[in-house]
Amino acid sequence: MNESYSKRLERAAEIISRAERVAIGGGAGLSAAAGLNYSGVRFTENFADFTKKYGLKDMYSATFYPYSAQEEKWAYFSRHVLINRILPPALPPYKDLLSLVRGKEYFVITTNVDGQFYKAGFERERIFAVRGDYAEIQCARACHNKVYEAEDQFKLMAETQRDCKIPLSLVPKCPVCGGNMEVHIRKDEFFIEDDAWHAAYNRYSRFISDAQDKKTAFIEAGVGYNTPSVIKYPFERFTYLNPNARLIRINTGEPQTPPEISERTVLFTEDAKEVIKDIGAAL
């Protein structure tokens, strides 16, 4: 990466300007750049009581903690969902990304579950949220193929919890089998891919198929190696297979790019929030 920052901004802006299709891949690093950090001050200020009681270190590991009762588990998750999904408004990197693709044929694929693409104004029919959504719940054992919107339930749980527990009466139960419920996020083999999930997958697949011989810009923002098979590797493959495709990779920590597509890749290791804003200014 020998080009200056300004030159790379010009190249990225030109790629987007000329593109007939734009595919956006959003990962955890994009939300971190937006300020939705899962550790540090943001964690300690919001979860001091959970830290004291359970020794929790950050919001990510806390989601895997073996809480001894459902009242405890949902006390944690309701607050987690409240501060990461429900309360935050649309944040700058997401709003700025939308500005980059206005008037374009675009599609978003994301591993994020915080709803920021929806809040920013991206069309719901052009978003494939692969790993689910914090605002939804499902049967913990996937006894039936349905997910439930639960934002109001989470708000009530967060408001009424005491000593890191919610009232037993608020613990959600599966309406079919009567068993426990889980947040609808992909973390085990019971993640439900409902009709809406498959419809989004099919729309994304059609978009990619239609874009395979067109001038296509792949914008990858904040995607690491936690689940590289969802966005990172496919975007590299699509770029390699389509001579008219270009990849804009925005990644501060893991910027590697295969040499086969290096000439068709614009790489940014600078802060994603600033890069996206500056590309918009260069358009």
Side-chain angles (χ1 to χ4, degrees), residues 3 5-27 29-31 33-34 88-112 114-130 133 196 199-223 230-232 234-251 261 263-268 270-283:
E3 288 181 306
Y5 180 59
S6 60
K7 182 62 176 178
R8 283 177 283 134
L9 289 175
E10 291 176 8
R11 286 184 60 204
E14 183 178 10
I15 288 168
I16 295 169
S17 179
R18 293 184 175 183
E20 300 170 275
R21 298 288 186 274
V22 181
I24 296 173
L30 180 59
S31 285
L91 297 169
Y94 289 90
K95 293 190 292 185
D96 291 339
L97 264 176
L98 180 60
S99 297
L100 298 185
V101 298
R102 289 193 190 279
K104 294 283 186 180
E105 285 295 321
Y106 73 84
F107 211 101
V108 173
I109 179 171
T110 181
T111 52
N112 295 344
D114 52 29
Q116 277 292 312
F117 280 106
Y118 304 125
K119 292 184 178 186
F122 287 86
E123 296 176 40
R124 184 168 288 269
E125 298 299 300
R126 294 174 182 263
I127 300 172
F128 179 28
V130 180
D133 190 327
Y201 168 79
N202 289 333
R203 289 193 295 271
Y204 174 67
S205 297
R206 288 195 297 271
F207 178 88
I208 291 299
S209 178
D210 182 61
Q212 64 184 350
D213 59 352
K214 293 181 171 61
K215 292 180 180 178
T216 302
F218 291 96
I219 304 175
E220 177 200 297
V223 177
V230 177
I231 298 171
K232 183 177 289 290
F235 274 22
E236 291 176 351
R237 185 173 70 254
F238 298 148
T239 303
Y240 174 74
L241 293 174
N242 179 3
N244 297 312
R246 300 293 184 269
L247 174 63
I248 300 170
R249 172 162 284 170
I250 307 169
N251 195 313
I261 60 170
E263 294 300 316
R264 290 191 275 134
T265 299
V266 184
L267 178 62
F268 293 94
E270 295 81 4
D271 179 74
K273 181 172 69 173
E274 298 304 317
V275 170
I276 294 167
K277 181 181 69 176
D278 291 343
I279 292 174
L283 274 172

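Since this is a predicted model, take the numbers as computed values, not measurements. FYI, the numbering just counts along the sequence from 1.
Closest non-hydrogen pair, Phe218 versus Ala245, comes out as CE1-CB, 3.9 Å. Listed here is the closest heavy atom pair of Ala23 and Phe235: O-CE2, 3.9 Å. Residues Ala217 and Ile15 come closest through the heavy atom pair CB-CG2, 3.7 Å. Between Phe268 and Val275, the shortest heavy-atom distance links the atoms CG-CG1, 3.7 Å.
Using a 4.5 Å heavy-atom cutoff, the side chains of Leu283 and Ser17 are in contact.
Around atom OH of Tyr240, no more than 12 heavy atoms belonging to other residues, nucleotides or ligands sit under 6.0 Å away.
In this structure a side-chain-to-backbone donor-acceptor pair under 3.5 Å is present from Arg203 to Glu125. Here the side chain of Ser209 pairs no donor or acceptor atom with the backbone of Ser205 at under 3.5 angstrom. Not a single donor-acceptor pair under 3.5 Å links the side chain of Arg11 to the backbone N or O of Val266. Listed for the Arg246 side chain is a donor-acceptor partner under 3.5 Å among the backbone atoms of Pro243. Side chain of Arg264 to main chain of Leu247: no donor-acceptor pair is present (N/O by atom type, distance under 3.5 Å, no hydrogens or angles).
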Exercise. Evaluate the side-chain contact (heavy atoms from CB on, under 4.5 Å) criterion for residues Phe238 and Gln212: first the C-alpha distance (whole Å), next the side-chain angles of each, then the deciding distance (0.1 Å), finally the verdict.
Key: CA-CA 7 Å; Phe238 298 148; Gln212 64 184 350; over 6 Å; no
Exercise. Go through the steps to decide whether Leu30 and Ile276 satisfy the test side-chain contact (heavy atoms from CB on, under 4.5 Å), and finish with yes or no.
Key: CA-CA 10 Å; Leu30 180 59; Ile276 294 167; 3.8 Å; yes
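Among residues two or more places apart in sequence or in another chain, the side-chain contact (heavy atoms from CB on, under 4.5 Å) test is passed with Lys214 by Glu20, Arg21, Asp210, Thr216. Listed by chain and number, the residues in a salt bridge (Lys or Arg N to Asp or Glu O under 4.0 Å) with Asp271 amount to none (sequence neighbours excluded). Applying the salt bridge (Lys or Arg N to Asp or Glu O under 4.0 Å) test to Asp133 and every residue at least two apart in sequence or in another chain returns Arg85. Partners of Tyr204 according to the ring-ring contact (aromatic ring centres under 6.0 Å, His included) rule, which considers only residues two or more places apart in sequence or in another chain, are Phe107. Qualifying side-chain contact (heavy atoms from CB on, under 4.5 Å) partners for Leu241, counting only residues two or more places apart in sequence or in other chains: Arg237. Residues forming a side-chain contact (heavy atoms from CB on, under 4.5 Å) with Asn244 (at least two apart in sequence, or on another chain): Lys215, Asn242. Every side chain to side chain donor-acceptor pair (under 3.5 Å) that Lys277 has, sequence neighbours left out, goes to Glu274. By the salt bridge (Lys or Arg N to Asp or Glu O under 4.0 Å) test, Glu10 is found to be paired with no residue, residues two or more places apart in sequence or in another chain being considered. Applying the ring-ring contact (aromatic ring centres under 6.0 Å, His included) rule to Phe122 yields the partners Tyr106, Phe117; only residues at least two apart in sequence or on another chain are considered. Evaluation of the salt bridge (Lys or Arg N to Asp or Glu O under 4.0 Å) rule for Arg18 yields Glu14 as partners, not counting sequence neighbours. For Val223, the side-chain contact (heavy atoms from CB on, under 4.5 Å) partners at least two apart in sequence or on another chain are Glu220, Ile231, Lys232.
With values rounded to the nearest 0.5 angstrom, Leu100 atom CG is found 4.5 Å from Ile16 atom CD1. To the nearest 0.5 Å, atoms CD1 (Ile279) and CD1 (Ile219) are separated by 6.5 Å. Expressed to the nearest 0.5 Å, how far CG of Asp278 lies from NZ of Lys273 amounts to 11.5 Å. Distance check, rounded to the nearest 0.5 Å: CZ of Arg206 to CD1 of Ile208 gives 12.5 Å.
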Would you mind writing out the side-chain donor-acceptor pairs for residues 89-99 within the sub-3.5 Å range, not counting sequence neighbours?
from	atom 1	to	atom 2	distance (Å)
Tyr94	OH	Ser31	OG	2.6
Tyr94	OH	Asn112	ND2	3.0
Ser99	OG	Lys95	O	3.3

